[in-house]
Amino acid sequence: MSTSYLFPAAPELLLILSGLVLLLVGSFKDHAAGARLVSTLALVTLAVAFFATIIVTPGAAIYAFREHFVLDAFAGFMKGVVFLGALGTLLIAQPYLRQEKLERFEYALLVLFSTAGMGLLLSANSFLALYVALELMTLPLYVMAAFKRDTFKSTEAGLKYFVLGALASGMLLYGISLVYGFTGTISFTALQDIYAAGDVRLPIGALVGLVFIAAGLAFKLGAVPFHMWTPDVYEGAPTAVTAFFAAAPKIAAMGLTVRVFAEPFGAFVADWQQIVIAVAVGSMALGAFGAIGQTNIKRLMAYSGIGHVGYALVGLAAGTERGVYGVLVYMTLYLFMTVGTFAVILTLRRRGQELERVQDFAGLSKEQPLLALAAAIFMFSLAGIPPLAGFFGKLYVFLAAVDAGLIALAVFGVLMSVVGAYYYLRIVKLMYFDAPPEPFDKTIEPELQAVLVVTTAVTALFIVFPGPILGTAQVAASALFP
Amino acid sequence: MTVALAVFYLLAGITIASGVMVISARNPVHSVLFMILAFFNSAGLFVLAGAEFLAMVLIVVYVGAVAVLFLFVVMMLDIDVVAMRQGFMKYLPVGALVGLVLLIELFLVFGTLRIADAPIAASVPTPEGVTNTEALGAVLYTEYFFAFQLAGIILLVAIIGAITLTLRDRGPIKRQNISEQVHRDRTKSVRMRRVEPGRGL
């Protein structure tokens, strides 16, 4: 076991330090100009953090900060994905913030601190580190949800998210305290070592704690039965913030969930498997049926997100290396599809007003064929139709489930993705076969163009070049199953 | 030992009684004051249990900051307590029933559960001959340095968040610009005019 000082945490330290410096820069600059400068520097920082993650990620795990922090291939992979998500969503937020007159430098700062929290979360190696990193991740999110503070909806979203998030943290902490009380340790490594010894059973109190921890994590993931906040918060928050919520924190929470179940409780697959299966089944069903009646595109994306968490959890339910591999591939591809979809949503405007209704997609293909094509690719991919990226994400998790003998779960997942395909395809139908009531705004901001090109390319061409994602995901997954 | 026991029951009794008063007092200010009493008695319980650091923190943080904040909120917000209590009696039976079910379940759980399952990993006991504060200080900046620093960053984020959500630009305000004042010199403030006699400016 190799330990190190500071070095493994370089990407997060970079994010935090640049957050501190940019706080000063923003305070001494004029409003809009300062916000623009701080955002640009924050984007550069996130990009540097992404490359720093690639550089510092080692082959074998490195521990730091008295083993509260671990950097292994799994953490490195997930961090890379999360940093990319934060980078993409901060980029597409720029035109939105300009148009909505929300240009304040704090936005980029909150993204930086939250992203640092996500990185530390993915590297947490004890329940204490997990908790503080989780709070560092979520506290900026509450503020961001209420960022459009002059509108009722946004403040409501912020308050709702805050209250329910605090409740979730309470449950998580309660579970952690039970686990600590019954096992005597908060270290992931120590828990793993104790239970690797042989047929030790998890004490009943720690099992109750595990259930509470699972509930807290399901809350942060937005998985059934703790999903209630998602549609309201997604709808109320400014669209750029919604994009960030759907991309980065969700993926970080998924990475954390995988690590908690696979590492400290890795010896008790039988104990947590039923929880994960129940959550996955509920999320897939709610994501498929709940979205059908939605008229607001942000609410629809919230239900879609719930469903996708369900599909990813199918891989975790398998409890095998292949399952985790499936989760990693799924979440990576989900990132590109979601960021792309939100880039489309942020582009749609009429006379400078943002459009939020599903109905507003009508006739997009006649006015902006390329944008409509990109949107159609994302919709087909989210629905899981081959040969697009979304299909492969689903394929790997379902294959892992079948391998682990969870055939019924896999079949249920396939059925639910058929149901879910309905509302994705409805949007495609609206775009291609209906007439627009009024013309759309023609301009697509350069930031949105760049993100749209990249995400469309990854989603459509994954089948041609799957190597980079699949290869690194394989290495990352095997890090959790030595 | 009996003295300690008597003190324990005294403190515990007052804590519970003031807890009841917190939720039943008519005047919200009285509620807050009873809450402070509850905090003080809980601190006494901590001292009895040998956790003097926790006792002091409880008083400093909860009485010094949280309770005072509550008092501010209670006094500044004009809360109509009578209106808030309208439904209290209506919901009491259901609430009591839920509470009773929970209580019975708790008894069932604790009756059958073997709490004595020894922790698997050896927990660290309080070191002999060292006070709480020293023991905490020894690990806070070494073993738990990471979490401690992160907690500091969380507090910073909380400040940024609070300012982001509440600070408003109140239009044109005349602010003092010290640097401008200091750099003011004769050429900027005094103008020499030749005034023609008998004509004025």
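Given the structure is predicted, the values throughout are model-derived calculations rather than measurements. So that the names make sense, note that chain A is the first sequence line, chain B the second, and so on, each numbered from 1.
Among the residues in residues 37-50 of chain B, none has a non-hydrogen atom closer than 4.5 angstrom to a non-hydrogen atom of chain A.
By the 4.5 Å heavy-atom criterion applied to side chains, Leu20(A) and Leu156(B) are counted as neighbours.
Residue Ile16(A) touches chain B through its side chain alone, counting heavy-atom pairs closer than 4.5 Å. For Thr166(B), the part lying under 4.5 angstrom from a heavy atom of chain A is the backbone only. For Leu191(A), no part lies near chain B; criterion is any non-hydrogen pair under 4.5 Å.
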Let me see the working for Tyr144(B) and His68(A) under side-chain contact (heavy atoms from CB on, under 4.5 Å), right down to the final yes or no. CA-CA 8 Å; Tyr144(B) 300 108; His68(A) 285 288; 3.5 Å; yes
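Between Ala146(A) and Leu165(B) the shortest heavy-atom distance is O-CD2, 3.5 Å. Leu128(A) approaches Ala147(B) most closely through the heavy-atom pair CD2-CB, 3.6 Å.
Under the 3.5 Å distance criterion, the side-chain polar atoms of Arg149(A) are matched with a main-chain donor or acceptor of Thr164(B).
Around CD of Glu180(B), the count of heavy atoms belonging to other residues, nucleotides or ligands within 6.0 Å does not exceed 12. Atom OH of Tyr174(A) sits in a sparse spot, with 12 or fewer heavy atoms from other residues, nucleotides or ligands closer than 6.0 Å. For CZ of Phe265(A), the number of neighbouring non-hydrogen atoms (other residues, nucleotides, ligands) closer than 6.0 Å is greater than 12.
Taken to the nearest 0.5 Å, the CG atom of Leu23(A) stands 4.5 Å off from the CD1 atom of Ile160(B).
Between Glu135(A) and the options Ile153(B), Ile154(B), Leu150(B), a side chain to side chain contact (heavy atoms under 4.5 Å, CB included) holds for only Ile154(B).
Note: Phe146(B) and Phe69(A) have perpendicular aromatic rings, judged against thresholds of 30 and 60 degrees for the angle between ring planes.
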